[in-house]
Amino acid sequence: MLELNLNRQRELLQKEYEYERETFRRATETQGIGRKVKRGECWFPIGVGRSGYNALDRLTVEITRQEDTDIEHNFEYGRPVCFFEQDAAGQLRYLDFTAMVSYAESDRMVVVLPGEEALQQLRALERPGVQLHFDETTYRLMFDALRRVQAAKDNRLAELRDLFYGKAPVRLTAGSAAPLRLPWLNAAQQAAVNDVLRARDLLIVHGPPGTGKTTTLVEAVCEVLRREPQVLVCAQSNMAVDWIAEQLAGRGVNVLRIGNPTRVTDQMLSFTYERRFADHPDYPSLWQLRRTIRRLRATPRKGRPENFHQKMARLQERADELEIRIRHSLFNEARVIAATLAGTANPLLTGLRFHTLFIDEAAQALEAACWIALQRADRVVLAGDHCQLPPTVKSPEALRGGLGVTLMERLAYRHPEAVRLLTVQYRMNEALMRFSSEWFYGGQLTAAAEVKGRSLLDDLDEPLVWVDTSEAADGLFDEQFVGASYGRINKGEAQLTLRTLRDYVHHIGRRRLEEERVDIGVISPYRAQVQYLRALLRRDDTLRPLTGQLTVNTVDAFQGQERDVILVSLVRANEDGQIGFLSDLRRMNVAITRARMKLIILGSAATLCRHRFYRKLYEACHVVPADGGDTPPGPPGRDTDHAP
């Protein structure tokens with residue numbers, strides 16, 4: 001059975017790899033630049049700026065986005081990119097090398113190039129652009145991890161594999177010592193921290209929205225560090241690694257970040273390996289050696305001294321010794337090594353092993369990615385919420401086969417004795433929390449006293465509202481399909497969303513919103529709807545002054561965030577009751593749990609309420625029709641979904 005399960009993982013991962021590779025090939029050959037730019041996968045045109053060698057002796061170049069746009073891009077540290085040129089006829093010519101993103105901001109990034117020749121090719125382009133390239137490296141690491149797990153024998157990796165795929169219960173150390181008391185945590189959080197300390201193999205910290213998962217995890221890391229010299233902390237995404245690393249650094253923990261942060265700030269950069277390396281007292285000597293080596297290499301052959309090769313070898317040996325000395329110094333001083341799951345395969349970590357591995361946001365990571373990091377650990381703490389967003393799986397066949405079922409989700413069901421649910425949430429008032437708690441968490445959540453009854457308008461405000469577009473005439477709120485890459489759009493509903501927000505702003509008072517810095521989020525599951533909402537917002541004289549307090553984005557981009565007020569535009573409105581990926585209820589759990597005090601849902605009940613989840617949600621809301629009239633008597637449609 002064990003061999004069968006791991007083989008199945010490999011097969012599904014292979015399907016995902018082939019699907020994504022073919023999708024990239026097809027998109028590269030057929031998609032226009034404009035479409036790639038709108039998808040956040042391309043910048044065109046670009047400026048090619050300063051170049052130089054970074055602290056790790058890699059050639060870098062600065063790339064800037066020349067077009068003024070608010071489209072959010074997908075460039076981030078570690079992602080491969082390729083460069084192209086567009087000729088007068090509109091044809092693209094790609095350069096024959098790939099590069100890697102080192103830093104990325106909204107309109108600027110730093111890219112690591114393979115060498116000087118690549119830089120010369122890039123500078124020679126008249127109308128250059130850059131786009132994301134297919135990422136072979138991460139897939140290679142995942143396949144290699146699965147192979148090593150299957151082949152493991154008579155070692156800790158083999159023991160973890162057999163435990164995770166078997167039926168034997170996970171073990172807790174039986175201790176006679178009294179439980180650790182941490183009065184600044186609630187009872188559920190304290191129990192989780194204590195059991196992290198006792199776990200011999202595995203512990204799962206299940207943190208529903210607003211329950212202080214990060215607080216608990218940071219406390220657990222700090223307590224483990226009282227007993228162990230060093231731990232490994234990981235997450236699937238750079239952003240999640242940055243967040244936990246920043247919280248630990250704020251507690252005074254010496255964090256060494258492998259890979260560069262998504263948010264390029266001085267605070268974040270200060271604990272990256274590259275910045276620490278450059279700040280080391282021995283680095284100026286190493287920099288001088290490297291500069292001498294580069295100058296000697298650039299010397300024409302006829303001008304080289306007779307002992308050129310011997311001199312180069314001596315210089316390189318001294319440089320290598322200094323680099324190793326700096327590296328050992330940095331790793332010996334660090335208490336936490338922080339990296340993405342794929343980043344734990346970085347050669348810098350060669351030979352390192354950790355007793356405890358923490359994986360944050362584990363419910364968003366493919367199982368194979370978790371095994372990359374698990375090879376370096378004796379035990380693991382998984383933290384996250386498998387009732388929120390799953391990992392992205394693009395192949396429908398791989399998704400149907402179960403590739404989206406994460407290691408955390410599978411272990412939570414196989415080993416319930418290892419799960420510690422955090423039950424007190426500090427984000428939503430009780431009315432907003434209740435539906436999510438009952439549907440996703442068995443009604444086990446409670447609202448903390450300080451948030452239980454809070455509201456912007458005291459008792460005068462309904463915290464949970466559904467604006468129903470079902471009764472609109474002339475197809476005013478009908479959805480439109482704008483292509484597989486963009487999904488759906490509902491222009492009438494987008495206009496209604498901003499009108500509803502304008503009315504609410506007027507109701508509260510703009511001056512109060514500004515003085516109290518009330519923050520607002522507008523969410524839609526569909527990227528096309530988000531972009532249309534942003535375009536409307538730019539032309540809205542009432543709302544435009546509030547843009548510093550107003551965020552418009554997709555559900556996926558809002559995971560882990562919260563706002564005082566949230567509006568959700570569901571988009572789907574059709575006679576057939578088709579709701580597409582809105583049937584992924586984990587995505588909707590994220591959408592409806594971002595608000596602290598007020599949640600307004602806009603959508604067609606006639607379309608959505610055929611699904612039992614949306615029918616129950618509708619029944620939990622205060623309902624108003626899109627025209628602002630009286631509340632409809634009940635949800636239209638019929639129940640065609642049999643989800644529990």
Side-chain angles (χ1 to χ4, degrees), residues 70 72 432 456 461-480 482 486-508 510 513 518-547 549-558 561 563-574 579-580 582 587-588 590-608 614 617-618 621-629 632:
D70 64 351
E72 294 195 4
L432 292 180
L456 281 170
D461 198 12
E462 289 286 348
L464 184 55
V465 174
W466 184 308
V467 181
D468 184 14
T469 64
S470 300
E471 302 302 320
D474 303 321
L476 178 62
F477 298 111
D478 287 352
E479 67 181 71
Q480 300 172 41
V482 290
Y486 299 102
R488 310 278 168 166
I489 191 171
N490 189 323
K491 294 184 177 181
E493 187 175 288
Q495 293 163 0
L496 175 65
T497 300
L498 293 195
R499 187 166 75 242
T500 303
L501 179 55
R502 282 196 300 272
D503 290 345
Y504 194 67
V505 166
H506 177 74
H507 192 49
I508 294 177
R510 201 166 97 182
L513 286 172
V518 174
D519 50 10
I520 302 166
V522 179
I523 303 177
S524 178
Y526 293 94
R527 181 165 30 194
Q529 187 80 344
V530 167
Q531 292 186 7
Y532 187 66
L533 282 162
R534 288 174 177 168
L536 291 177
L537 182 62
R538 285 196 298 271
R539 302 193 296 268
D540 193 300
D541 292 336
T542 301
L543 297 175
R544 195 169 57 245
L546 295 172
T547 51
Q549 299 164 243
L550 179 58
T551 307
V552 183
N553 221 324
T554 61
V555 178
D556 299 50
F558 260 97
Q561 299 187 38
R563 298 292 188 273
D564 294 318
V565 179
I566 289 286
L567 291 87
V568 182
S569 171
L570 294 176
V571 174
R572 301 308 297 262
N574 56 75
I579 62 172
L582 293 192
R587 178 169 273 103
M588 289 314 303
V590 173
I592 65 175
T593 56
R594 301 305 96 193
R596 300 186 190 103
M597 291 179 275
K598 177 80 172 183
L599 173 64
I600 303 173
I601 299 168
L602 300 99
S604 168
T607 298
L608 292 154
Y614 291 97
L617 177 58
Y618 181 95
C621 293
H622 174 75
V623 180
V624 296
D627 61 8

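Excluded from the calculations below are hydrogen atoms, water molecules and symmetry mates; all remaining heavy atoms, backbone and side chain alike, are included.
- At least one side-chain heavy atom of Ile520 sits under 4.5 Å from a side-chain heavy atom of Leu567.
- Side-chain atoms of Arg488 do not come within 3.5 Å of backbone N or O of Tyr526 as any donor-acceptor pair.
- Between Arg499 and Ala626, the closest heavy-atom pair is NH2-O, 4.0 Å.
- For the side chain to side chain contact (heavy atoms under 4.5 Å, CB included) test with Glu493, the passing option among Thr500, Thr469, Asp478 is Thr469; the others fail.
- With rounding to the nearest 0.5 angstrom, the OG1 atom of Thr542 is 7.0 Å from the CZ atom of Arg510.
- Taking the side chain as every heavy atom from C-beta outward, Val482 and Tyr532 never approach each other to under 4.5 Å.
- Checking each of Val555, Thr497, Leu599, Val522 against Val568 for a side chain to side chain contact (heavy atoms under 4.5 Å, CB included) leaves exactly one that passes, namely Leu599.
- Atom OG of Ser604 sits about 8.0 Å away from atom CG of Asn574, to the nearest 0.5 Å.
- Tested against Ile601 for a side chain to side chain contact (heavy atoms under 4.5 Å, CB included), the candidates Trp466, Tyr614, Tyr618 yield a single pass: Trp466.
- Note: Leu533 CG to Asp540 CG = 11.0 Å, rounded to the nearest 0.5 Å.
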Residues Asn553, Thr551; criterion side-chain hydrogen bond (donor to acceptor under 3.5 Å, both in side chains); working and verdict: CA-CA 6 Å; Asn553 221 324; Thr551 307; over 6 Å; no
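- Closest heavy-atom contact between Pro463 and Leu432: O-CD2, 3.3 Å.
- Counting all heavy atoms, side chain and backbone alike, Cys621 lies closest to Leu464 at SG-CG, 3.5 Å.
- The line from CD1 of Ile523 to CG of Asp556 is 10.5 Å long, rounded to the nearest 0.5 Å.
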Worked check of side-chain contact (heavy atoms from CB on, under 4.5 Å) between Asn490 and Gln529: CA-CA 7 Å; Asn490 189 323; Gln529 187 80 344; 4.1 Å; yes
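- For Arg538, the side-chain hydrogen bond (donor to acceptor under 3.5 Å, both in side chains) partners two or more places apart in sequence, or in a different chain, are Asp70.
- Remark: the backbone N or O of Asp564 is paired with a side-chain donor or acceptor of Asp519 at under 3.5 angstrom.
- A side chain to side chain contact (heavy atoms under 4.5 Å, CB included) with Leu550 is found for exactly one of Leu513, Leu501, Val518, Val505, namely Leu501.
- Side-chain atoms of Lys598 come within 3.5 Å of backbone N or O of Glu462 as a donor-acceptor pair.
- The closest donor-acceptor contact from the side chain of Asp461 to the backbone of Leu456 lies at 3.5 Å or more, if one exists at all.
- Between the OH atom in Tyr504 and the CD1 atom in Ile600 there is a gap of 6.5 Å [rounded to 0.5 Å].
- To the nearest 0.5 Å, atom CD1 of residue Ile592 and atom CZ of residue Arg587 are 14.0 Å apart.
- Of all heavy-atom pairs between Arg527 and Thr554, the closest is CA-CG2, 4.2 Å.
- When all heavy atoms of Ser569 and Ser524 are compared, the pair lying nearest together is O-OG, 3.1 Å.
- The two residues Val552 and Arg534 come nearest to each other via the heavy atoms O-NH2, 2.9 Å.
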Stepwise side-chain contact (heavy atoms from CB on, under 4.5 Å) check, Arg572 with Glu479: CA-CA 6 Å; Arg572 301 308 297 262; Glu479 67 181 71; 2.9 Å; yes
